[in-house]
2 protein chains.
Amino acid sequence: MQEEQHPMTSAARRATITDVARAAGTGKTSISRYLNGETSVLSPELRERIEAAIAKLDYRPNQMARGLKRGRNRLVGMLLADLTNPYSVEVLQGVEAACHALGLMPLICHAANEVDMERRYLQLLTTYRVEGVIVNALGVKEELLQTFSLGGIPVVLVDRSVEGFVTDMVGLDNPKAVALATRHLVDEGFDDVVFIVQPFKRVSSRRAREAAFRDTIGALGATGSTIVLDLADAAPALAAIDAHLRDAGANLQRVALFAANAPVALRVALHLKERYGVDWQQRVALMSIDDSEWAELAGMTTVRQPTYDIGRRAVEFLHERLERGLERGPEGARMPARECLLPGELVVRSSTRRKLSPGT
Amino acid sequence: MQEEQHPMTSAARRATITDVARAAGTGKTSISRYLNGETSVLSPELRERIEAAIAKLDYRPNQMARGLKRGRNRLVGMLLADLTNPYSVEVLQGVEAACHALGLMPLICHAANEVDMERRYLQLLTTYRVEGVIVNALGVKEELLQTFSLGGIPVVLVDRSVEGFVTDMVGLDNPKAVALATRHLVDEGFDDVVFIVQPFKRVSSRRAREAAFRDTIGALGATGSTIVLDLADAAPALAAIDAHLRDAGANLQRVALFAANAPVALRVALHLKERYGVDWQQRVALMSIDDSEWAELAGMTTVRQPTYDIGRRAVEFLHERLERGLERGPEGARMPARECLLPGELVVRSSTRRKLSPGT
DNA sequence: TTGTATGCGTTATCAC
DNA sequence: GTGATAACGCATACAA
């Protein structure tokens with residue numbers, strides 16, 4: 001009844017290590033050794049038989065069983081707050097590449113901006129016994145993460161820290177990046193800068209960027225203010241922006257808008273276009289952190305984050321901790337929390353180049 | 001030596017079902033029963049003890065072990081060719097939501113446009129014994145997918161079919177969508193439409209869209225041509241576009257550019273901006289399939305794909321096959337391949353609204 | 001150099 | 001109602 005057109009066992013279940021052993025006329029141990037690269041302790045002849053059997057049966061070791069036995073399944077959890085944000089996708093690319101290089105498999109969880117999803121996914125990751133987690137979340141709290149740490153599962157934070165919780169974290173060097181951008185604006189002759197940021201919530205980077213903005217503006221002796229824009233209800237903030245623009249125009253001030261990230265920048269740009277028409281760029285200068293794909297098209301100045309490297313570093317941090325945990329006992333993985341702050345790169349485009357001589 | 005500050009077993013390994021059984025003063029079987037909702041056959045008293053023990057130990061069943069025993073681990077593979085393409089992210093959202101609702105866990109694999117990665121990831125999915133796969137790939141061939149089908153693992157294709165391989169597939173209704181868009185252009189008075197598409201390669205949807213374009217243009221008696229643009233080497237195609245635009249201008253023809261998807265549209269838009277300046281939209285009309293986030297900002301007409309539903313349907317297809325496979329024997333999952341073609345929605349923006357009276 | 005036996009955490013089969 | 005016990009597929013200590 002078995003049709004053997006293809007080299008594998010028809011439409012039945014996959015071959016197991018036992019099947020291979022039988023086909024190769026040997027024991028499971030030798031197969032296991034072959035799989036784990038203990039190639040030196042195998043007679044060339046047996047080795048060939050094993051290779052043949054594996055090929056014939058199209059055998060693939062079952063990672064689940066393997067993980068169960070070894071205690072580690074090479075799975076690492078990657079929790080992303082919002083894949084809609086190009087930042088996340090880019091970080092992800094770095095994470096994937098690094099994981100691949102290290103033989104790890106990222107289990108990607110996309111919370112789609114739902115705080116409740118974050119919690120559920122984190123719990124789920126726990127049931128799959130991931131060896132570590134990389135977290136870029138919106139509302140995760142310390143206690144949730146403690147579960148991992150206490151269980152000996154390393155946690156690496158991306159882009160934001162979590163209050164009351166110390167671990168490795170990697171992200172943009174916000175102070176430097178914001179200072180760079182702000183200084184650029186002032187240098188270009190803008191004497192009134194409006195920083196636009198989402199409600200801080202639990203997101204430390206938002207707060208950090210805003211603080212850096214105020215510091216820099218103060219140090220430069222320029223005029224600056226902050227407007228908080230909630231993407232779920234942007235009207236009030238947009239009205240505030242309009243008002244500010246109107247007043248500044250009356251005072252002959254040159255104002256620049258500085259968005260704290262790409263989603264905010266897009267929302268603001270859409271509003272400006274709607275309000276001032278297609279040539280809104282002639283009327284108001286907009287820049288942002290995050291160099292999204294449309295920035296070039298819109299000719300908008302940005303600060304490009306080293307997203308790929310951020311992802312890569314996050315995995316490296318994780319990997320180092322995993323290694324440590326292996327060498328010493330499970331309790332010996334103690335190691336001070338590290339922080340990796342990568343520099344942003346200013347990408348100057350037409351939106352912030354001086355167009356009008358001051359006072360005109 | 002054990003510090004019991006937190007309710008769980010210090011920094012050691014996670015609690016197992018045996019631990020819970022011991023803590024509850026019962027056998028593993030009862031715990032298992034409790035976990036699997038066989039709640040009716042448990043005395044209320046025992047039930048409470050179990051609940052308490054689980055809470056106290058912060059016990060989480062190990063999915064790996066569970067999968068090993070049951071033969072199914074609720075994992076489904078999701079292979080994505082390019083997360084950089086917003087289309088993919090949107091489809092993913094649908095997939096995730098549907099999976100979550102059905103108790104499935106998507107294992108997301110991002111091939112980053114590397115055909116070789118696709119192959120590797122597909123093999124990897126096999127080792128994790130996913131119960132099914134949803135594939136949106138660039139270069140996977142029939143043989144690779146056969147491995148899954150023959151192994152009794154359902155495959156659902158998204159957006160594109162694979163030559164010589166029959167399975168469920170879900171995507172945009174390309175003929176209708178392209179016809180809708182093309183007719184719109186002609187209605188708006190464009191008498192020369194250029195369709196721009198990436199090299200067909202193994203991507204069936206590209207071919208389908210181009211064919212639909214030619215059919216529609218022919219049926220409408222309008223002038224149309226196709227330019228193939230390779231994102232990795234766009235110069236020739238862009239030059240061809242320039243030439244076409246020049247010639248058409250000389251002949252007083254109104255030409256519209258129709259990009260087959262968002263990445264192409266972006267590349268073309270960038271070129272046009274570079275060539276014609278910030279008011280390039282005044283000179284040439286551009287539309288595209290895929291309603292990317294910058295389309296609104298650029299005022300570009302698009303065909304919006306029902307991405308979320310595409311993802312959802314894909315999971316539903318998969319789920320139905322999984323159920324079938326359970327009821328009847330593993331061989332009884334036979335079921336004709338289905339195709340779900342969802343309609344696109346025309347989003348008209350300023351880019352294609354008549355600006356010049358013909359012949360001016 | 002090779003094979004046997006045991007256990008990883010869970011579910012399923014069968015007794016009680 | 002409840003609880004031993006045998007698998008699931010694999011790795012490993014140990015024996016041969």
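Convention: sequence-line order gives letters A, B, ...; per-chain numbering from 1.
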> Does the salt bridge (charged side-chain N to carboxylate O under 4.0 Å, His left out) test come out yes or no for A/Arg324 and A/Glu320, once each step is laid out?
Replying inline: CA-CA 6 Å; A/Arg324 286 289 193 297; A/Glu320 286 168 23; 5.7 Å; no
Distances for protein N or O near nucleotides 12-16 of chain C N or O, under 3.5 Å:
| residue | atom | partner | partner atom | Å |
| --- | --- | --- | --- | --- |
| C/dA12 | N6 | B/Thr29 | OG1 | 3.4 |

>> Please identify which of these residues, A/Val170, A/Asp309, A/Ile310, meets the side-chain contact (heavy atoms from CB on, under 4.5 Å) condition with A/Cys340.
In response: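 That would be A/Val170.
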Once you round it to whole Å, what is the distance between [atom2] of [N] and [atom1] of [X]?
X       : N      : atom1 : atom2 : result
A/Arg72 : C/dG9  : CZ    : P     : 16 Å
B/Gln63 : C/dT11 : CD    : C1'   : 13 Å
B/Ile17 : C/dT10 : CD1   : C1'   : 6 Å
B/Leu68 : D/dA6  : CG    : P     : 17 Å
B/Asn62 : C/dC8  : CG    : C1'   : 9 Å
B/Leu35 : D/dG3  : CG    : P     : 14 Å
B/Ile50 : C/dT10 : CD1   : P     : 14 Å
B/Glu45 : D/dT2  : CD    : C1'   : 12 Å

>> Which residue in the set B/Arg72, B/His319, B/Arg74 passes side-chain hydrogen bond (donor to acceptor under 3.5 Å, both in side chains) when paired with B/Glu131?
In response: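 Going through the options one by one, the only one that passes is B/Arg74.
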> Checking A/Asn62 side chain against A/Met64 main chain: does a donor-acceptor pair fall under 3.5 Å?
Replying inline: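 Side chain of A/Asn62 to backbone of A/Met64: a pair is present.
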>> Could you check whether any side-chain N or O of B/Arg33 sits under 3.5 Å from a backbone N or O of B/Leu42, counting only pairs where one atom can act as donor and the other as acceptor?
In response: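 Between the backbone of B/Leu42 and the side chain of B/Arg33 there is no qualifying donor-acceptor contact (under 3.5 Å).
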>> Would you say A/Gln123 and B/Arg60 are linked by a side-chain donor-acceptor pair, where the criterion is simply a distance under 3.5 Å?
In response: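 Looking only at side-chain atoms, A/Gln123 and B/Arg60 do form a donor-acceptor pair, the distance falling under 3.5 Å.
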> In terms of side-chain heavy atoms of A/Ser30, which of C/dG3, C/dT10, D/dG9 is nearest?
Replying inline: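 Between C/dG3, C/dT10, D/dG9, the one nearest the side chain of A/Ser30 would be C/dG3.
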> Picking from D/dG1, D/dG9, C/dT10, which would you name as closest to the side chain of B/Ser43?
Replying inline: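 Given the options D/dG1, D/dG9, C/dT10, the side chain of B/Ser43 is closest to D/dG1.
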> Given that A/Tyr59 and B/Arg49 both sit by DNA chain D, which one's nearest nucleotide is further toward the 5' end?
Replying inline: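 The 5'-side residue here is B/Arg49.
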>> Need to verify one output field. Residue with the more 5' nearest nucleotide on DNA chain D, B/Arg129 or B/Leu42?
In response: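 Checking each residue's closest nucleotide, the 5'-ward one belongs to B/Leu42.
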>> Using five base pairs at each end to define the local axes, how bent is the helix from C/dT1-D/dA16 to C/dC16-D/dG1, to the nearest 10°?
In response: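 Overall, the helix from C/dT1-D/dA16 to C/dC16-D/dG1 bends by 40° from one end axis to the other.
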Is there side-chain contact between [X] and [Y], with heavy atoms separated by less than 4.5 Å?
X        : Y        : result
B/Arg321 : B/Asp168 : yes
A/Tyr34  : A/Glu51  : yes
A/Leu80  : A/Glu118 : no

Do any side-chain atoms of residues 88-102 of chain B form donor-acceptor pairs under 3.5 angstrom with protein atoms, and if so which ones, sequence neighbours left out?
| residue | atom | partner | partner atom | Å |
| --- | --- | --- | --- | --- |
| B/Ser88 | OG | B/Asp82 | O | 2.8 |
| B/Glu90 | OE1 | B/Thr307 | OG1 | 2.8 |
| B/Glu96 | OE1 | A/His110 | ND1 | 3.0 |
| B/His100 | NE2 | A/Arg120 | NE | 3.3 |
| B/His100 | NE2 | A/Arg120 | NH2 | 3.1 |

> Heavy-atom contacts under 4.0 Å between residues 18-26 of chain B and DNA chain C, which residues?
Replying inline: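 None, since no heavy atom is under 4.0 Å.
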Which atom pairs, donor and acceptor, lie under 3.5 Å between side-chain atoms of residues 154-162 of chain B and protein residues at least two apart or in another chain?
| residue | atom | partner | partner atom | Å |
| --- | --- | --- | --- | --- |
| B/Asp159 | OD2 | B/Ser205 | OG | 3.1 |
| B/Arg160 | NH1 | B/Ala137 | O | 2.8 |
| B/Ser161 | OG | B/Ser204 | OG | 3.3 |

> Would you say D/dG1 has OP1 or OP2 under 4.0 Å from some side-chain N or O of B/Tyr34?
Replying inline: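 Result: no.
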>> So, using side-chain contact (heavy atoms from CB on, under 4.5 Å) as the criterion, who are the partners of A/Thr16 when residues are at least two apart?
In response: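 With sequence neighbours excluded, A/Thr16 shows a side-chain contact (heavy atoms from CB on, under 4.5 Å) to A/Arg13, A/Thr18, A/Asp19, given in chain and number order.
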